[in-house]
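Report on the following structure.
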Amino acid sequence: MSVDQATVRRIAHLARIAVSEEEVPHLQQELNAILSFIEELSAVDVEGVEPMTSVVPMKMVWRKDAVTDHAGADVVVANAPDSEDGFFTVPKVVE
Amino acid sequence: MNAPANASKLIKGATGDWEIVVGMEIHAQVSSHSKLFSGASTEFGGEPNSHVSLVDAAMPGMLPVINEECVKQAVRTGIGLKAQINHRSTFDRKNYFYPDLPQGYQISQYKSPIVGEGEVIVDVTASEQIVVGIERLHLEQDAGKSLHDQSPTESFVDLNRSGVALMEIVSKPDIRSAEEARAYVTKLRTILRYLGTCDGNMEQGSLRADVNVSVRRPGEPLGTRCEIKNVNSIRFIGQAVDVEARRQIGILEDGGKIDQETRLFDPARGETRSMRSKEEAHDYRYFPDPDLLPLEFDETFVEELARHLPELPDAKKARFMRDYGIASYDAGVLVMERASADFYEAVAKGRDAKAAANWVINELFGRLNKEGLDIASSPVGADQLGAIVDLISEGVISGKIAKDLFEIVWTEGGDPRALVETRGMKQVTDTGAIEAAVDAIIAANPDKVAQAQAKPTMLGWFVGQVMKETGGKANPQSVNELLKRKLGI
């Protein structure tokens, strides 16, 4: 499996990463190197093996339904580049 | 899905008949105190960002921990939808960027949902019932809310809703008309409210529908569908189905083809329009969420929840028909809301159950609808309405006086039995008094007497006069009998 340059641009866009045209061939090479490395794994026969979900045999922890946490609006927006009246404010996005 | 088309549901186009096919994704907010993966409150409203934990704000290093009650609510709903409950399900990340989604992904269940296939029985009209298949139900996080009207250059983001648990309930494409679509959502809402797993409040966004609409020639394979996003009232769901189907038929009849796309319904203009921004966003790159282990429970857990479920609308309706002898349609109306059903049972207990149904549905519900009230705020209580029904069956008041009495109890309140005494509304069953009135009328109208003897249908005129004379309180049966005897007809 390998990716072409169009795919590289598309992945970058979906991940909202700015990639310049000059970087595309280099990234394509790097991604394909990683993919071919991972491809070696497909040589292993995993017929009938359950996908691993954790490295330790444990069950998911459940919490009780109780209100135990609220940071406070001032704390929540503390690191925001921009905020107003407790809201985050962002450049206008509208349908 | 490919059952023969029902001719009455087809839409007449310029070039022949078309069949509408609808499937729905309902997003139902889970009733819980705290969010799906954090301990922040789910309470509606509140100051912006006041019900937000650092998990919901997606601060680095925060980890999700699942809320046990949300799992239980999803399982309860699954049981209510007669669906398969999956003892093991998993969470995936659905990746997209939007300012009100701080994680950059929604935690959802893609590959293996908590609930599988089920069904909902839907009464479309008094005489038509359909079964809508359920494809799946899965748990996922809600996003925050963006306000676009606060500033000309900025959008304001409030994360209070971010992370609240939703159940996405996906139907099969088993719906064939706007009417069926409305009836399906109405029934689903009733079931959720009975279960207590979602409050069904559409104004507050606790229940939202994405409606998938396509059209086809009867008997042909499914057409290309369009998804109408976020329709937030049952009435709009019906309208959206109709206008979207007509739009598609218009395009197809002009020789065009339908593009699969996401659209918005604009109720003010009565049209749907394309959401261009969603076109390329459909690559969500789902993958298993590494922060969450599989969600697992055993059959004992499910059985325990099933044991404590309330009686559901279908079962209650069947019981009302069986135990109270009322018609299917009436029973359906009574069980629509649990509070209405409880009210009816309180009125019907130990009384004439059919009369009770008539009074609850025709007089009380009629009046509540007119005033825009719900049963919880009814000025007439079940004990008061029960007393009115008692007074009629005991022959203390006539049905006509009972309506006046109902009016008094509605506006002024009070004990119906006492009101009947103090206001002198008691039916006159004393034959002596009625006889006196009858005699007086006969004596005063010799010409009418002659007419009545020739034409017995004139009796009604005499009944009316006697009722007038007695202020409507004479027992109509006694009046009839006396008049017939005295007039010799």
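Only heavy atoms go into these numbers, but all of them, side chains included; no hydrogens, no water, no symmetry mates. In what follows, chains are A, B, ... by sequence order, proteins preceding strands, each numbered from 1.
Within 6.0 Å of atom NZ in B:K145, 12 or fewer heavy atoms from other residues, nucleotides or ligands are found, so the atom counts as exposed in its surroundings. Counting heavy atoms of neighbouring residues, nucleotides and ligands inside a 6.0 Å radius, atom CD of B:E43 does not exceed 12 of them. Heavy-atom neighbours of B:H33 NE2 from other residues, nucleotides or ligands within 6.0 Å: at or below the threshold of 12. Counted within 6.0 Å of CD on B:Q204, heavy atoms from surrounding residues, nucleotides or ligands total more than 12; the atom is thus considered enclosed. Remark: B:Y110 OH is loosely packed, at most 12 non-hydrogen atoms of other residues, nucleotides or ligands lying under 6.0 Å away.
To the nearest 0.5 Å, the span separating CG on A:L14 from OH on B:Y284 amounts to 11.0 Å. Rounded to the nearest 0.5 Å, atoms CD (B:E69) and CZ (A:R63) are 11.0 Å apart. Atom CZ of B:F91 and atom CE of A:M60 lie 5.5 Å apart (nearest 0.5 Å).
When the options B:V65, B:I66, B:N67 are evaluated for a side-chain contact (heavy atoms from CB on, under 4.5 Å) with A:W62, the one that passes is B:I66.
If you tally non-hydrogen atom pairs under 4.5 Å between each of B:G104, B:P152, B:S146, B:G144 and chain A, the highest count goes to B:P152. The candidate with the highest count of non-hydrogen atom pairs below 4.5 Å against chain A, out of B:L159, B:D158, B:L292, B:N49, is B:N49. For the options B:S50, B:S32, B:P290, heavy-atom pairs under 4.5 Å to chain A are most numerous at B:S32.
Proximity to chain B is limited to the backbone of A:D85, based on heavy atoms less than 4.5 angstrom apart. Contact annotation for B:S41: both backbone and side-chain heavy atoms come within less than 4.5 Å of a heavy atom of chain A. Within the 4.5 angstrom heavy-atom criterion, only side-chain atoms of B:F297, from C-beta onward, approach chain A. Both the backbone and the side chain of B:P294 come within less than 4.5 Å of a heavy atom in chain A. For B:E154, the parts lying under 4.5 angstrom from a heavy atom of chain A are both the backbone and the side chain. Of the atoms belonging to B:K72, not a single heavy atom falls under 4.5 Å from chain A.
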Verdict with supporting geometry, B:V157 and A:T89, side chain to side chain contact (heavy atoms under 4.5 Å, CB included): CA-CA 6 Å; B:V157 179; A:T89 52; over 6 Å; no
Step-by-step side chain to side chain contact (heavy atoms under 4.5 Å, CB included) determination, A:D65 to B:E68: CA-CA 6 Å; A:D65 180 29; B:E68 154 190 276; over 6 Å; no
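Proximity of a side-chain donor or acceptor of A:K92 to a complementary backbone N or O of B:S151 within less than 3.5 Å is detected. Panel note: side chain A:K59, backbone B:E296; no donor-acceptor pair is recorded below 3.5 Å. Not a single donor-acceptor pair under 3.5 Å links the side chain of A:D69 to the backbone N or O of B:A40.
By the 4.0 Å N-to-carboxylate-O rule, B:D283 lies close enough to A:R10 to be salt-bridged with it.
Scanning both residues, A:V76 and B:A57, for their nearest heavy atoms gives CG1-CB, 4.1 Å. What you find for A:A73 and B:P48 is that their closest heavy atoms are CB-O, 3.4 Å.
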